[in-house]
Amino acid sequence: MRRLIDILGIRYPIIQGGMGNVSSGELCAAVSEAGGLGQIGAGTLPLDEVERRIVVAKQLTRNPFGVNLPVNIHPDPQGVIELIQMHDVPVVSLSAGNPSPWIPRLHRIGKTVMVTVASEKHAVKAAAAGADILVAEGVEAAGKNSPLEITTMVLVPLVARAVRVPVVAAGGIADANGLVAALALGASGVQMGTRLIATKEALVNLRYKEALLHATESDTLVLGRSVGRITRVLATPRSKELYEKEQGGMSLSEFEQALSEDSHVQGALEGLFEVGHVNAGQVAGAIRDIPTMQELFDRMIKASFDIQRTISDGLADLNVAGGS
């Protein structure tokens, strides 16, 4: 954990997921100000919007933050990198594509590179290519996921044993229990997305936040299996309709049109659940309030110490029982 914290220059081992349209400069800065690493998700955003969000984040925090670049999704990844260099953003996370060609370029301009992986094989390749940090993301996570659909609990220890760089656990984490569990699995920290939507600083529609508050662990759907585009979304009337339509047969182009960026904006930012979709991880079922980012992080860390003491007491009981 200390190595991850030192590499990123943060206080807490908590990282914000990229989250595309909903990763505003304000949200990114709030995470960094609270002691974690905020991120701007480049997604498919135009370069001028990516730059605007970077500028906002820099105005609101002097702490480190990063930019998430989905290399096969953004129409101009080189343009995003030029913005990162121009504005001296210290951290870049790469996802949705082969990171190998991009890592040396980013290292040449002095950037710390995180890479999202979904299997042990991918992790080994990314580490060999020079990734400084790996984010092992399980299929519990919101939004786009790997077709391999490996769970976080299985993935994290496999990756942690296979590489020497720090590993961050992602998918299914919302509180101190998730943080402590991730550390026990061999991770150095956690990445969260869905939980950070239900905070006061997230600039999403209130309907989205309230839907997360009332969701259970079974209130998400996986769309896109039939076309190789695994995407976990909140179970809304619109997403249920798309699920049923997919069962009857849907082409890749039809799927991409149905879950377009416009659809995500309509759902997440405008609250139009009848025509747009919202991403959500299974951990939505664990969300019970809408705190500030600082409140969320501080209580996660405090509760982690309490959990650690409980575990230590339990292990001590086992030792006594084993010796009696």
Side-chain angles (χ1 to χ4, degrees), residues 15-32 37-58 65-87 89 91-99 102 106 111 113-118 135 137 141-146 170-171 191-197 201-205 208 223-224 228-234 239 252 255-272 276-281:
I15 297 170
Q16 173 199 342
M19 302 195 292
N21 296 306
V22 302
S23 59
S24 64
E26 291 85 351
L27 180 63
C28 170
V31 173
S32 291
L37 182 82
Q39 291 200 85
I40 303 294
T44 60
L45 295 173
L47 291 179
D48 59 348
E49 178 59 19
V50 175
E51 182 172 30
R52 188 192 70 80
R53 296 185 184 201
I54 291 173
V55 169
V56 168
K58 290 182 70 175
F65 67 91
V67 170
N68 171 253
L69 173 58
V71 294
N72 285 350
I73 293 177
H74 196 278
D76 188 2
Q78 183 57 43
V80 175
I81 290 175
E82 289 171 4
L83 287 176
I84 288 166
Q85 183 175 14
M86 180 191 311
H87 291 283
V89 179
V91 181
V92 182
S93 65
L94 302 175
S95 59
N98 180 11
W102 303 97
L106 291 165
K111 306 306 172 186
V113 181
M114 303 192 298
V115 175
T116 300
V117 297
V135 178
E137 184 174 73
K144 294 179 176 62
N145 278 300
S146 165
Q191 178 173 286
M192 300 193 298
T194 302
R195 185 60 185 95
L196 304 187
I197 294 297
E201 292 90 346
L203 300 183
V204 300
N205 192 274
Y208 188 2
L223 303 177
R229 295 290 189 272
I230 302 296
T231 309
R232 188 175 295 280
V233 298
L234 193 65
S239 61
L252 176 58
F255 177 81
E256 290 179 338
Q257 182 176 1
L259 261 72
S260 66
E261 293 300 301
D262 286 342
S263 171
H264 188 220
V265 168
Q266 288 174 319
L269 302 185
E270 299 174 12
L272 302 175
H277 73 280
V278 292
N279 298 325

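Just so it is clear, the values below take in all heavy atoms, side chains as well, and ignore hydrogens, waters and symmetry mates.
Considering every non-hydrogen atom in both Ala96 and Ile73, the closest pair reads CB-CD1, 3.8 Å. In this structure, Ala57 and Ala29 approach most closely via the heavy-atom pair O-CB, 4.0 Å. The nearest pair of heavy atoms linking Gly66 to Val89 is CA-CG1, 3.8 Å. The two residues Ala142 and Ala280 have their closest heavy-atom pair at CB-C, 3.3 Å. Taking each heavy atom of Leu45 and Gly41 in turn, the nearest pair found is CD1-O, 3.4 Å. Considering every non-hydrogen atom in both Val67 and Ala42, the closest pair reads CG1-CB, 4.5 Å.
One finds the CG atom of Leu269 at 8.5 Å from the CG atom of Leu203 (value rounded to the nearest 0.5 Å). Separation of atoms CG (Asp48) and CG (Leu83) is listed at 9.5 Å; rounding is to 0.5 Å. Of the inter-residue distances, the one linking Asn68 atom CG with Met114 atom CE reads 8.0 Å to the nearest 0.5 angstrom. Expressed to the nearest 0.5 Å, how far CD of Gln191 lies from CD of Glu137 amounts to 6.5 Å. To the nearest 0.5 Å, atoms CE (Met192) and CD1 (Ile15) are separated by 10.5 Å. The distance from atom OG1 of Thr116 to atom CG of Leu94, rounded to the nearest 0.5 Å, is 8.0 Å.
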Inset, instruction - Just do the side-chain contact (heavy atoms from CB on, under 4.5 Å) check on Met86 and Ile54 with the steps written out, would you? - result: CA-CA 11 Å; Met86 180 191 311; Ile54 291 173; over 6 Å; no

Legend entry - Test side-chain contact (heavy atoms from CB on, under 4.5 Å) applied to Leu37 and Val31, step by step: CA-CA 6 Å; Leu37 182 82; Val31 173; 5.6 Å; no

Inset, instruction - Could you please spell out the steps behind the side-chain contact (heavy atoms from CB on, under 4.5 Å) verdict for Val22 and Asn279? - result: CA-CA 10 Å; Val22 302; Asn279 298 325; over 6 Å; no

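Between Glu270 and Val265 there is a side-chain heavy-atom pair separated by less than 4.5 Å. Considering only heavy atoms from C-beta on, Met19 comes within 4.5 Å of Ile197 through its side chain. Looking at Phe65 and Val91, their side chains never come closer than 4.5 Å, going by heavy atoms from C-beta outward. Val80 has its side chain within reach of Leu47: a pair of non-hydrogen atoms, C-beta onward, lies under 4.5 Å apart. A 4.5 Å side-chain heavy-atom check between Ser93 and Gln39 finds at least one atom pair inside the cut-off. Val56 is not listed as a side-chain neighbour of Ser24, based on a closest heavy-atom distance of 4.5 Å or more. Taking 4.5 Å as the limit, every side-chain heavy atom of Trp102 sits out of range of all side-chain heavy atoms of Val92. Here the side chains of Val71 and Asn98 are not in contact, with every heavy-atom distance at 4.5 Å or above.
Put simply, the side chain of Ser32 gets close to the backbone of Gly38: a donor and an acceptor are under 3.5 Å apart. Formation of a donor-acceptor pair under 3.5 Å by the Ser23 side chain with backbone atoms of Gly18 is found in this model. Between the side chain of Thr194 and the main chain of Gly281, a donor-acceptor pair closer than 3.5 Å is present.
In this view, His277 and His264 satisfy the ring-ring contact (aromatic ring centres under 6.0 Å, His included) rule, not counting sequence neighbours. Shown here are the salt bridge (Lys or Arg N to Asp or Glu O under 4.0 Å) partners of Glu256, two or more places apart in sequence or in another chain: Arg229.
Heavy atoms of other residues, nucleotides or ligands lying less than 6.0 angstrom from NZ of Lys144 number 12 at most. With a 6.0 Å radius and a threshold of 12 heavy atoms from other residues, nucleotides or ligands, Glu261 has its CD atom above the threshold.
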